[in-house]
Amino acid sequence: DVLARYKRMTGHEVLHPMGWDAFGMPAENAAMEKKVHPGEWTRANIAAMRDQLKRLGFALDWSRELATCEPDYYGHEQALFLDMYEAGLVYRKESAVNWDPVDMTVLANEQVIDGKGWRSGAPVERRKLSQWFLKITDFADDLLNGLDDLKLWPDKVRLMQENWIGKSVGLKFRFTLSQPVAGQSQLHVFTTRPDTIFGSSFVAVAADHPLATALAEKRPEIGKFIAECQAGGTSAAEIEGAEKLGFDTGIACAHPFQPEWELPLYIANFVLMAYGTGAVFGVPAHDQRDLDFSRKYDLPVRRVVADGDTTDAEFEGDEAFTGDGALVNSRFLDGMAVEEARAAVIARAEKEGWGEGTTVWRLRDWGVSRQRYWGTPIPIIHCEDCGPVGLPKDQLPVVLPEDIDFETPGNPLDRHPTWSKADCPQCRKPARRETDTLDTFADSSWYFIRFASQPDDKPFDKAEAEAWLPVGQYIGGVEHAILHLLYARFWTRALNRMGQLDIKEPFAGLFTQGMVTHGTYQAGDGSWLSPEEVQRNGEDWTMIEDGAPVTPGRVEKMSKSRKNTVDPGPIANQYGADAVRWFMLSDSPPERDLPWSEAGIEGSWRFIQRLWRLIDTNETAEGEDKALDRKLHQTIAGVGEDIEALSFNKAVAKIHELANAIEKADASESRNTAIRTLVRLVAPMAPHLAEEAWAQMDEDGLVADAAWPEADPALLVEDEVTIAIQINGKLRDTITAAKGISKADLEAAALASDKVARQLDGAEPKKVIVVPDRLVNIVA
RNA sequence: GCCUCUGUGGCGGAAUUGGUAGACGCGCUCGACUCAAAAUCGAGUUCCUUCGGGAGUGCCGGUUCGACUCCGGCCAGAGGUACCA
């Protein structure tokens, strides 16, 4: 809000909208617990939050307010879904999905964290279901390359997206097996290091690889081993501690360059079915996992990239060499650099027909089907004869039914007596409506476009949307680094490909802000206590009610589970919106967490009062106060720079300094001007006070519409400067000199200092360093 | 494990390119005003000190006339994460 108000005052057209990402699980949970309809619950929350935002005086364009749970929003989303369906960016696939047994729904890969549902925390199960997917992988390369142009995004977020997309370039090739398994005589593996192919000691497949599954059917000991592998956890810590386990199948794989060179085929717990082909060849000398595995199962460790040693002696030690170097012990590759050898092996594989250069991505297509009620209905009809058919757009929006029940778990749309009945748009025969709804991340993937343009008859108007987009300054928590920000980038690209939008990137500038935190308190029995229930007596904390001892805990993100939330309503009532705003801006830089404190807001409240008294007691007077003029103009320039950089805490500090200077100054025309200007400087942060003062000063219109004051460059520089006098880098004295004084004069002035003379004690300085207008350092 | 970020008074935090460390605020101390308190105003507030000074930005070392800032090595905390072949 401060940035929006500032940009407005500096002559920019500003679009600062507000809306509600309102579909999703919390509304359904509330419905189940409190027996209210999700829509009713959601709209009541929206009303409450809208009041809070208005009370804090945010300069929002409420005419563009939207809520994703209303048909006039999600109906347009359905139209975009149909466009993507037509453009081949949506497909339906029977696939193993991540099933959250508590929330009774499917989760996207991005929503599975350490093998658990991101919301419920329940261990995710694998299930086969027919699901809708969006082809985000079509844009994998572009999403990756586009990151380079997002110069105004934090490096951290770009890096996280890069890792998530996970591009690996390498060779996919085939091993011939000594005996066919389930009718297959070949095994596909993927590697990014084809150059090390002569260093391989074994081949391994994932425990859930089809080959392993097939073998397990005939050999129970393999089934037992597979079960053992799947029992292990998938969190980073568990993986770290987990031992490499392998099962030697007794099957041999023929080395592609020498068929009689046979590599043992293992089933191994560290190979992932979800990545590459689910099978690898192990080169222990140059891969840590392979080395750990080989040491355990006593497999040969051959050096093929020189690590200083170029002999064919067995590789020593327990640390794999993954660096660059010249190839050794590798026949026709010997002497080549890693990169050159890589290309040579790929070329040979392609020429001889046993493999091809490939790029493998970690990124998967975005599964968007959710078996939930409170989401955007997917506008598809399933017809027995025609298959899935997109609804004609004139039948949109597909509106959610109101009469639903949440007594049984699962999707209420599925159980609704009539809602799912519909005729096939193609053959007119009775058919069934899709009862899955869209992942709520779809709702937030294009709302910024709808903010920019909101016609009734279509999702947006191209020219109107492009006039505002991309978003100049996007602000959100770092928790959106992957999910939301990647989906929105994809959605924008999809619209771009379909010719609906010229831009590819939705957000030019991104800022990840911190969260509001508060101390936590626990009673003797370990239960959490809210800040209103406790009080401090000196060093100790007790319960207000009965004086029982309280254990203060660490400062954490405000959350209902820790009970450390603070209701902004009463605070805004007590101190006023401007004091609340001032406090939120004043101390912590916005990228860091903000520790909420009652004491802090009182300080802000006092300053707001002080500002008012200062403005109120302003009087017209004659005379110039050069020092105050300078302070004023330095503040104008500094506050502007700080707001542009979102360093609100520094801007606040500069305004404090100016206020202090004005209070100390005698009445003058300069002082009068400074006070009148101060009103505009605080306007973005304390708008209510500023408007009142503006009106009282008999200025026209609103200060919100006023121009930001201009700094006079001539007044930004001092004509006198304080020079530090150092001896051996230690400060000994300071002197005041005219700005621009010559080096020689400055040196002479420094040497004339009593304190310098006393320190030198008659000795001659060895050397004198003079930094003009800054300091003199005497080396003794 | 790996990657990223962070580490400065009692607290939140400032310190352009290496150039007076601790701006600004909170808190605290003392004083003024008051019968008293609140509010307000003024002074002080990194630590030690024999009042000359000395030490000091997580720790150890280096570069430099000069290091919170640059380099090397540690330690601690937060966040991210992929056994990715």
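Chain identifiers are assigned alphabetically (A, B, ...) following the order of the sequence lines, protein sequences preceding nucleic acid strands; residue numbering begins at 1 within each chain.
- Comparing the same atom, C1', in B:G12 and in B:G7 gives a spacing of 15 Å after rounding to whole Å.
- The listed nucleotides are B:A85, B:G27, B:A14; the one nearest the side chain of A:Val280 is B:A85.
- Counting heavy atoms of neighbouring residues, nucleotides and ligands inside a 6.0 Å radius, atom CH2 of A:Trp605 does not exceed 12 of them.
- A donor-acceptor contact under 3.5 angstrom links the side-chain atoms of A:Lys244 to the base of B:C83.
- One can place CD of A:Glu641 at 21 Å from P of B:A23, the figure rounded to the nearest angstrom.
- Heavy-atom contacts from other residues, nucleotides or ligands closer than 6.0 Å to NZ of A:Lys296 number more than 12.
- One atom, CG of A:Asp593, and another, P of B:G12, lie 13 Å apart when rounded to the nearest Å.
- The distance from the CG atom of A:Asp642 to the CG atom of A:Leu585 is 12.0 Å, given to the nearest 0.5 Å.
- In this structure, A:Leu159 reaches the sugar-phosphate backbone alone: every heavy-atom distance under 4.0 Å involves primed, P, OP1 or OP2 atoms, never a base.
- Across the P atoms, B:C24 and B:A38 are found 25 Å apart, a figure rounded to whole Å.
- Side chains of A:Thr517 and A:Asp593: no donor on one and acceptor on the other come within 3.5 Å.
- Between A:Lys654 and A:Glu657, none of the side-chain N atoms (NZ, or NE/NH1/NH2) sits under 4.0 Å from a carboxylate O, so this pair counts as no salt bridge.
- A centroid separation of less than 6.0 Å is found between the aromatic rings of A:Tyr266 and A:Tyr297.
- With salt bridges taken as basic N to acidic carboxylate O contacts below 4.0 Å, none links A:Lys739 and A:Asp719.
- The same atom, P, is picked in B:C47 and in B:C2; the two are 40 Å apart, to the nearest Å.
- For the pair A:Arg592 and B:U6, the criterion of a side-chain N or O lying under 4.0 Å from OP1 or OP2 is not met.
- Between A:Arg362 and B:A82 there is a side-chain N or O to OP1 or OP2 distance below 4.0 Å.
- Between A:His656 and A:Phe607, the two ring planes are tilted [angle within 30° to 60°].
- Comparing B:A76 with B:C60, their P atoms are spaced 16 Å from each other, to the whole Å.
- Using a 4.0 Å heavy-atom criterion, one finds that A:Asp155 contacts no nucleic acid atom at all.
- Distance CH2 (A:Trp605) to P (B:G27): 12 Å, rounded to an integer number of Å.
- Among the atoms of the strands shown, only primed sugar atoms or phosphate atoms (P, OP1, OP2) are found under 4.0 Å from some heavy atom of A:Gly603.
- Checked against the 6.0 Å centroid criterion, the rings of A:Phe257 and A:Trp354 qualify as a close aromatic pair.
- For A:Asn163 and A:Arg158, the side-chain atoms include no donor-acceptor pair closer than 3.5 Å.
- Computed from coordinates, the A:Ile608 CD1 to B:G25 P distance equals 14 Å when rounded to whole Å.
- B:A23 sits 10 Å from B:U45 when the P atoms are compared, rounded to a whole Å.
- Look at the C1' atom in both B:U29 and B:G18: the space between them is 37 Å, to the nearest Å.
- Between A:His484 and A:His480, the two ring planes are perpendicular [angle over 60°; tilted spans 30° to 60°].
- Spacing between B:G22 and B:G44 at atom P, rounded to whole Å, works out to 14 Å.
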Intra- and inter-strand pairs of RNA chain B in dot-bracket (Watson-Crick or G-U wobble, both distances under 3.5 Å; | for another strand): (((((((..(((......[....)))((((((.......))))))(((....)))..(((((..]....))))))))))))....
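- Atom name P, nucleotides B:A37 and B:A78: the rounded distance is 46 Å, in whole Å.
- Taking only side-chain nitrogens and oxygens, A:Arg158 never comes nearer than 4.0 Å to OP1 or OP2 of B:G80.
- A:Met584 has its CE atom 16 Å from the C1' atom of B:G12, to the nearest Å.
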Criterion ring-ring contact (aromatic ring centres under 6.0 Å, His included) on A:Phe190 and A:Phe173, from CA distance to verdict: CA-CA 7 Å; A:Phe190 172 75; A:Phe173 71 98; 9.6 Å; no
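- A:Glu657 comes within contact range of the sugar-phosphate backbone alone, with a heavy-atom separation under 4.0 Å but no base atom that close.
- The base of B:A82 is paired with the side chain of A:Asn163 by a donor and an acceptor separated by under 3.5 Å.
- No contact: A:Val652 has no heavy atom under 4.0 Å from any strand.
- Contact annotation for A:Val779: backbone-only contact, meaning every heavy-atom pair under 4.0 Å involves sugar-phosphate atoms and none involves a base.
- Taking every heavy atom of residues 729-749 of chain A and every atom of RNA chain B, pairs under 4.0 Å involve A:Gly729, A:Lys730, A:Leu731, A:Arg732, A:Thr734, by number.
- Of the candidates B:G12, B:C84, B:G19, the closest approach to any side-chain atom of A:Val771 belongs to B:G19.
- Nucleotide B:U20 holds its P atom 15 Å from the CD1 atom of A:Ile769, rounded to whole Å.
- Rounded to whole Å, atom P of B:C65 lies 5 Å from atom NZ of A:Lys767.
- The aromatic rings of A:Phe198 and A:His255 lie parallel to each other, with less than 30° between the two planes, well short of the 60° mark.
- Residue A:Lys156 is the one, among A:Pro589 and A:Lys156, whose nearest nucleotide of RNA chain B lies closer to the 5' end (criterion: closest heavy atom).
- Within 4.0 Å of A:Thr722, counting heavy atoms only, lies at least one base atom of the nucleic acid.
- In the set B:U20, B:U40, B:A82, B:U20 carries the atom at the smallest distance from any side-chain atom of A:Ala724.
- At a cut-off of 3.5 angstrom, the base of B:A85 holds at least one donor-acceptor pair with the side chain of A:Arg289.
- Judged by distance alone, with hydrogens and angles left aside, A:Arg774 brings no side-chain donor or acceptor close enough to the base of B:U16 to form a pair under 3.5 Å.
- Between A:Arg610 and A:Lys650, the residue whose closest nucleotide on RNA chain B is further toward the 5' end is A:Lys650.
- Between the CH2 atom of A:Trp596 and the P atom of B:G12 there is a distance of 17 Å, given to the nearest Å.
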